[in-house]
Amino acid sequence: TSAGAAPTHQLHVPIRPQRIGIWGQPASPLDSVARMGAGVSTEGAPLSEVAIKNEIGVLYDAAKKRAFDAAATESTDGTRTVPWPTIEEYAHDNDERALDPRKCMYVNLKAFKSAREQIEAIARVHIKGAVKEIPWRAAGKELKPLGDDARQCGLDGEPAASLDALYEVAALAKERYDEIVKKACPGSVELKLAPLKGSDRAGAKARDEYAKNTAPCYSWLF
């Protein structure tokens, strides 16, 4: 789902790179262009934690989180960012893979493959009975694309016109979802329920991936 996430069994599921490309960064002392992950040009602008996660995916580990927290400054709107030169220096000293979009993609694809194999193994054991009869509702080669009637609606019954309207519904749905999943899991299973997707990531997904769909774009997140 887009606004929420399913429980995990401690799988390290990577963030999907949003696009295959590079960031054009200021010239380095060697007159080469510094590159990082996959994304759009930032022209050396400071980067938020979300932006970094979206670029390098599973390479953003606990050590990088600590480094970000130590170097971040907070703007007047509450956004925490780190200057590009600080990020570039850290990557050169600690993990140059983060500056190479090809290596970022490779590491994330390996993590996706591993996660999928683990999820499939869990599904073979636990996904059975009536749950298998639930029809898929998604786009695909063999599946009919979702129509406008399948869009996420707000509490007013109309297609969600904003992130606020979307998250009002998501908060209520998550309460019910968590309750159902907790009842379905046996006591021997360690259940970890993920929070809702961050609103900045959800907003970017709606604008980037669903702008061509029938407006509002936020109604295509569920």
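The first residue of the sequence shown is numbered 1, and numbering continues consecutively from there. Everything numeric here is computed off the predicted structure, so don't read it as measured data.
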Closest contact, heavy atoms only, [X] versus [Y]:
X: Tyr218; Y: Ala206; value: CD2-CB, 3.8 Å
X: Gln152; Y: Phe222; value: N-CE2, 3.7 Å
X: Thr79; Y: Ser48; value: CG2-CB, 4.2 Å
X: Ala171; Y: Leu196; value: N-CD1, 4.2 Å
X: Gly157; Y: Cys153; value: O-SG, 3.5 Å

Any salt bridge linking Lys64 with Asp61? Criterion: basic side-chain nitrogen under 4.0 Å from a carboxylate oxygen.
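Salt bridge present between Lys64 and Asp61.
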Residue pairs passing the salt bridge (Lys or Arg N to Asp or Glu O under 4.0 Å) test where at least one lies in residues 68-87, sequence neighbours excluded:
Lys65-Asp69, Asp69-Arg80
With Phe68, the side chain to side chain contact (heavy atoms under 4.5 Å, CB included) member among Thr81, Ile87, Ile52:
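Of Thr81, Ile87, Ile52, side chain to side chain contact (heavy atoms under 4.5 Å, CB included) with Phe68 is met by Ile52 alone.
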Donor-acceptor pair between Tyr60 and Glu49 side chains, under 3.5 angstrom:
yes
Sidechain-backbone polar pair: [X] side chain, [Y] backbone, donor-acceptor under 3.5 Å:
X: Asn108; Y: Cys104; value: yes
X: Trp220; Y: Thr214; value: yes
X: Arg201; Y: Asn54; value: no

Check whether more than 12 heavy atoms from other residues, nucleotides or ligands sit under 6.0 Å from atom CD of Glu89, and answer yes or no.
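No, the 6.0 Å shell around CD holds no more than 12 heavy atoms from other groups.
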Side chains of [X] and [Y] in contact at under 4.5 Å (non-hydrogen atoms):
X: Arg102; Y: Tyr106; value: no
X: Tyr210; Y: Leu221; value: yes
X: Leu172; Y: Tyr177; value: no
X: Pro216; Y: Pro159; value: yes
X: Leu193; Y: Lys182; value: yes
X: Ser199; Y: Tyr167; value: yes
X: Lys113; Y: Leu109; value: no

Mind checking whether [X] and [Y] sit in one hydrophobic cluster, side chains of I, L, V, M, F, W, Y counted as touching below 4.5 Å?
X: Val58; Y: Leu99; result: yes
X: Val107; Y: Ile56; result: yes
X: Leu47; Y: Val50; result: no

Rounded to the nearest 0.5 angstrom, the OG-CD distance for Ser219 and Glu158 is 11.0 Å
